[in-house]
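A short worksheet on the structure shown next.
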Amino acid sequence: ARIRADGSGLGKLGSENGGSRWYPIVSPDGKWLVADSQEQPFRVPLAGGQAAGPAEPLPKREDGLVFSATSWSPDGQSIVGTLQSPAGGSTGVAIFDLRKGSYRTVSKQPVQVVAFLPGGRGLAWTTGTRLQVADLDGRVSRDLYAVPEGSDSRIGWVSFSPDGKRIAWNQFTDESDIWLASFDKAP
């Protein structure tokens, strides 16, 4: 359905188990939506802007950690996300390969949010006080930004422009909540 000027036409993706669902991300080809739930992420096939089938849970991890999906790879074959302990604390980063149906842990560094770099050649993540770039094996290559020492602000979400020349993130401060930076060359 299309949203009309009066706000009608919205379509709700149902909640089969009655639990909350959040952080929806649509695949690059627009054929899938992935979101989190209280137990595990799930994906829903899409067609014409509507759900085209039932929600399919992603497999649970064997180690008991909960995967929270945050970004699709540009080719739509993988999803990157944070790992959470059952108690809720961040324990690292993993990539879920949709073709293989398996997870690969790429970092055990606690992070808030992780995203694929444009082109899928690396990752960017926030640790709360740092915005960092890493390769696909989790090796940090550099800090893009660090919260000034003595500040109590935190970095949250991170997003790149499709050409990779701009990055936006939110930082909880007194001055601004959304920050935007441009690169001469994509990271």
Side-chain angles (χ1 to χ4, degrees), residues 2-3 10-11 13 22-36 41-52 58 67-83 90 92-100 103-107 109-148 151 153-173 175-187:
R2 297 209 184 270
I3 301 173
L10 292 172
L13 292 178
W22 54 88
Y23 305 127
I25 51 175
V26 177
S27 64
D29 64 6
K31 294 181 179 178
W32 291 94
L33 177 136
V34 170
D36 287 338
F42 63 94
R43 68 182 184 158
V44 177
L46 301 175
Q50 297 290 323
L58 297 184
F67 179 73
S68 180
T70 57
S71 176
W72 284 88
S73 62
D75 66 5
Q77 298 301 309
S78 300
I79 303 166
V80 69
T82 60
L83 295 174
S90 175
V93 174
I95 296 174
F96 180 72
D97 185 316
L98 290 156
R99 291 170 291 195
K100 296 178 184 176
Y103 295 94
R104 179 173 64 90
T105 300
V106 295
S107 175
Q109 176 178 347
V111 302
Q112 311 247 304
V113 174
V114 58
F116 279 101
L117 292 175
R121 62 191 179 280
L123 303 169
W125 61 57
T126 65
T127 65
T129 58
R130 296 189 175 285
L131 176 57
Q132 299 177 315
V133 174
D135 65 18
L136 292 173
D137 290 320
R139 291 183 294 269
V140 174
S141 62
R142 66 182 171 163
D143 286 353
L144 293 179
Y145 175 78
V147 172
S151 172
S153 64
R154 308 283 294 165
I155 301 171
W157 202 260
V158 60
S159 178
F160 286 90
S161 63
D163 66 5
K165 292 186 177 180
R166 289 176 304 286
I167 183 173
W169 69 93
N170 72 318
Q171 180 178 336
F172 307 104
T173 68
E175 296 175 11
S176 177
D177 288 330
I178 298 179
W179 293 73
L180 181 65
S182 296
F183 302 105
D184 292 332
K185 182 176 114 179

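Numbers here are sequence positions counted from 1.
Rounding to the nearest 0.5 Å places OG of S68 at 11.0 Å from CD1 of I79. Atom CG of L98 and atom CG of L58 lie 7.0 Å apart (nearest 0.5 Å). The distance from the CG atom of L144 to the CG atom of L131 is 4.5 Å, given to the nearest 0.5 Å. A distance of 8.0 Å separates CH2 of W32 from CH2 of W72, quoted to the nearest 0.5 Å.
Evaluation of the side chain to side chain contact (heavy atoms under 4.5 Å, CB included) rule for A181 yields I167, W169 as partners, not counting sequence neighbours. Residues forming a side-chain hydrogen bond (donor to acceptor under 3.5 Å, both in side chains) with T82 (at least two apart in sequence, or on another chain): Q84. For R154, the side chain to side chain contact (heavy atoms under 4.5 Å, CB included) partners are Q112, T129, F172, not counting sequence neighbours. Evaluation of the side chain to side chain contact (heavy atoms under 4.5 Å, CB included) rule for Q132 yields Q109, W125, T127, R130, V140, D143 as partners, not counting sequence neighbours. Applying the side chain to side chain contact (heavy atoms under 4.5 Å, CB included) criterion to P110, with sequence neighbours excluded, gives S90. Residues that satisfy the ring-ring contact (aromatic ring centres under 6.0 Å, His included) test with F116, not counting sequence neighbours, are absent from this structure.
Counting heavy atoms from C-beta on, the side chains of V80 and V93 come closer than 4.5 Å.
Between the side chain of S159 and the backbone N or O of A168, no donor-acceptor pair lies under 3.5 Å. With N170 contributing its side chain and D177 its backbone, the two residues share no donor-acceptor pair below 3.5 Å. Side chain of S107 to main chain of G138: no donor-acceptor pair is present (N/O by atom type, distance under 3.5 Å, no hydrogens or angles).
Nearest heavy atoms, S161 versus P118: O-CG, 3.5 Å. Contact detail for G120 and L136: the closest heavy-atom pair is O-CD1, 3.4 Å. Heavy-atom minimum distance, L33 versus V26: CD1-CG2, 4.2 Å. Pairing each heavy atom of S71 with each of V114, the nearest pair is CB-O, 3.8 Å.
Below 30°, between 30° and 60°, or above 60°: for F96 and F67 the angle between ring planes is between 30° and 60°, a tilted geometry.
For the pair D137 and R139, the salt-bridge criterion is met [side-chain N within less than 4.0 Å of a carboxylate O].
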